[in-house]
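So the structure is just underneath, and the comments pick up after that.
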Amino acid sequence: HPTVDAVLGAVAATLVWGPLHRKRISLLTAETLPWWLQIFGVWIGAERVGLSGILTVVAYAITIARSAPHTTPARIRVPSYAVWETMVFVLNVMAFVLIGLQLGPIIEGLSADERRVHAQVAAVVLGVVVCSRIGWVMLYNTAMRWKIRRFGSSRRSTLAPPTVKGGFLVAWCGMRGIVTLAAALALPGDFPGRALILVTAFTVVVGTLALQGLTLRPLLAWLDLSDDQPVEREYGEARDATLRAALKVIDDDPSKAAKVLRFELQELLSTTGRDNADGGDDAALPRLRQRAVEAARAELTRLRFDETIGDDAYHRVEVVLDRAELYAETGRVRSED
């Protein structure tokens, strides 16, 4: 059952990820390998107890994504993004290749009537997938507008009220991809109707990517939507809040190191994110800098969990704090040497 899959994934993330991550593994290769072992371990464990491996792993990953950013050091996170982006690209390619290799023999083994039936079923499912998303999103959109008119809004202040045009655009952005293909490929070879499911999954993925993906730009022009830049506003709010949290650490510190750090933080967080530390390092500055970054990161995490900001703004500020943390760590190592 999907709910059981999700619960198992969240529990696995809590029980497996947390204790392992608290060991503070400091090498990229030593940290990346346990990640892969955990993913495959959760998948295999879910299938052993009769659950869906793909849904359990998705729930597992969503849970980790909420906790990993503020427990992973910048020296691991920054290079690991390159590793994961490469692996995601490779896995996407492999999924399409595997589907293609399996579709060929399947289609060749079908009679003309069976091919027609498979094509009709796949087309109907594609239509249902597109229309059901439009219906669900527009229903939610309508309900939210009614709720705001009747009871007011409890959403983040940076978000504009939902509109019909905006709702339709969100509804049209329903392209399917790797998860759909992985779910189809994960079915056992003797699963009833597996051939039809594979053909349908491939049709849905290619159909939504081609139909919705290629028409998204003309749709944007036709709807004449303007960007109200909620991410920019959230980014500014998060940047100011993290700056205040970092400066609070050194409020009562009259030392030269604190003065240098105040200048660094104002340049790094309040303007364009430049690394403008201009000498003045002493033994206290690297440690003070690290404390300020930790305070700023804690404030950023709070803003995310309180839903004051969204993920896009969170990750933009995270990049700035990662740069500051790497600089602080470099200064600390240099002072120790």
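The figures that follow rest on heavy atoms only: side chains count, while hydrogens, waters and symmetry mates do not.
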Considering all heavy atoms of both residues, which atom of [X] and which atom of [Y] are nearest to each other, and what is their separation?
| X | Y | result |
| --- | --- | --- |
| Gly207 | Leu126 | CA-CD2, 4.1 Å |
| Asp113 | Arg116 | OD1-NH2, 2.9 Å |
| Ile107 | Arg115 | O-NE, 3.0 Å |
| Leu321 | Val293 | O-CG1, 4.0 Å |
| Ala171 | Ile134 | CB-CA, 3.6 Å |
| Met144 | Pro162 | CB-CG, 4.0 Å |

Hydrophobic clusters here meaning ILVMFWY residues chained together by side-chain heavy-atom distances under 4.5 Å, can you tell me if [X] and [Y] are in one?
| X | Y | answer |
| --- | --- | --- |
| Val206 | Leu209 | yes |
| Val170 | Phe168 | no |
| Trp172 | Trp136 | no |
| Val57 | Val88 | no |
| Leu216 | Val164 | yes |

Item to complete: Start with the C-alpha gap between Leu55 and Tyr60, add the side-chain angles, then the distance that decides, and say whether side-chain contact (heavy atoms from CB on, under 4.5 Å) holds.
Response: CA-CA 9 Å; Leu55 294 181; Tyr60 176 82; over 6 Å; no
Practice prompt. Examine distances only and state if a side-chain atom of Glu114 and a backbone atom of Ser111 form a donor-acceptor pair shorter than 3.5 Å.
Written response: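 Flag set: sc Glu114 to bb Ser111 pair under 3.5 Å.
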Discussion item. Please check this pair: side chain of Arg145 against backbone of Tyr140, looking for a donor-acceptor N/O pair closer than 3.5 Å.
Written reply: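 It does not hold such a pair.
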Discussion item. Working to the nearest 0.5 angstrom, can you tell me the gap between Cys173 SG and Leu220 CG?
Written reply: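 Between atom SG of Cys173 and atom CG of Leu220 there are 7.5 Å.
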Item to complete: To the nearest 0.5 Å, tell me how far Lys165 NZ sits from Asp224 CG.
Response: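 So the gap between those two atoms works out to 6.0 Å.
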Worksheet item: With a 4.0 Å cut-off, would you call Arg291 and Glu294 a salt bridge?
Response: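 No, this pair does not count.
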Practice prompt. Could you tell me whether Arg304 and Glu234 make a salt bridge, using a distance below 4.0 angstrom between a side-chain N and a carboxylate O?
Written response: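 Salt bridge absent between Arg304 and Glu234.
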Item to complete: Kindly determine whether Arg297 and Asp322 satisfy salt bridge (Lys or Arg N to Asp or Glu O under 4.0 Å), including the steps that lead there.
Response: CA-CA 9 Å; Arg297 196 179 297 280; Asp322 282 346; 3.1 Å; yes
Worksheet item: Run the side-chain contact (heavy atoms from CB on, under 4.5 Å) check on Phe202 and Leu103 step by step: do they pass?
Response: CA-CA 9 Å; Phe202 187 78; Leu103 278 179; 3.3 Å; yes
Contact check, side chains of [X] and [Y], non-hydrogen atoms, under 4.5 Å:
| X | Y | result |
| --- | --- | --- |
| Leu223 | Leu169 | yes |
| Trp222 | Leu219 | yes |
| Ile309 | Leu300 | yes |
| Arg316 | Val320 | no |
| Thr301 | Tyr314 | yes |
| Thr242 | Glu237 | no |

Worksheet entry | Crowding at CE, Met87 (>12 non-hydrogen neighbours, <6.0 Å) |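 Yes - once you tally the heavy atoms of other residues, nucleotides and ligands closer than 6.0 Å, there are more than 12.
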Let me have the donor-acceptor pairs involving side chains of residues 176-200, under 3.5 Å, with sequence neighbours excluded, atom names and distances please.
{"residue": "Arg176", "atom": "NH1", "partner": "Gly174", "partner atom": "O", "Å": "2.6"}
{"residue": "Arg194", "atom": "NE", "partner": "Leu187", "partner atom": "O", "Å": "2.9"}
{"residue": "Arg194", "atom": "NE", "partner": "Pro188", "partner atom": "O", "Å": "3.3"}
{"residue": "Arg194", "atom": "NH1", "partner": "Gln102", "partner atom": "OE1", "Å": "2.9"}
{"residue": "Arg194", "atom": "NH2", "partner": "Gln102", "partner atom": "OE1", "Å": "3.3"}
{"residue": "Arg194", "atom": "NH2", "partner": "Leu185", "partner atom": "O", "Å": "3.4"}
{"residue": "Thr200", "atom": "OG1", "partner": "Leu196", "partner atom": "O", "Å": "2.7"}

Worksheet item: Does the side-chain contact (heavy atoms from CB on, under 4.5 Å) test come out yes or no for Arg244 and Asp240, once each step is laid out?
Response: CA-CA 6 Å; Arg244 290 193 297 270; Asp240 294 341; 3.7 Å; yes
Worksheet item: Is there a side-chain contact (heavy atoms from CB on, under 4.5 Å) between Arg302 and Glu299 once you walk through the steps?
Response: CA-CA 5 Å; Arg302 185 194 66 78; Glu299 176 65 14; 2.7 Å; yes
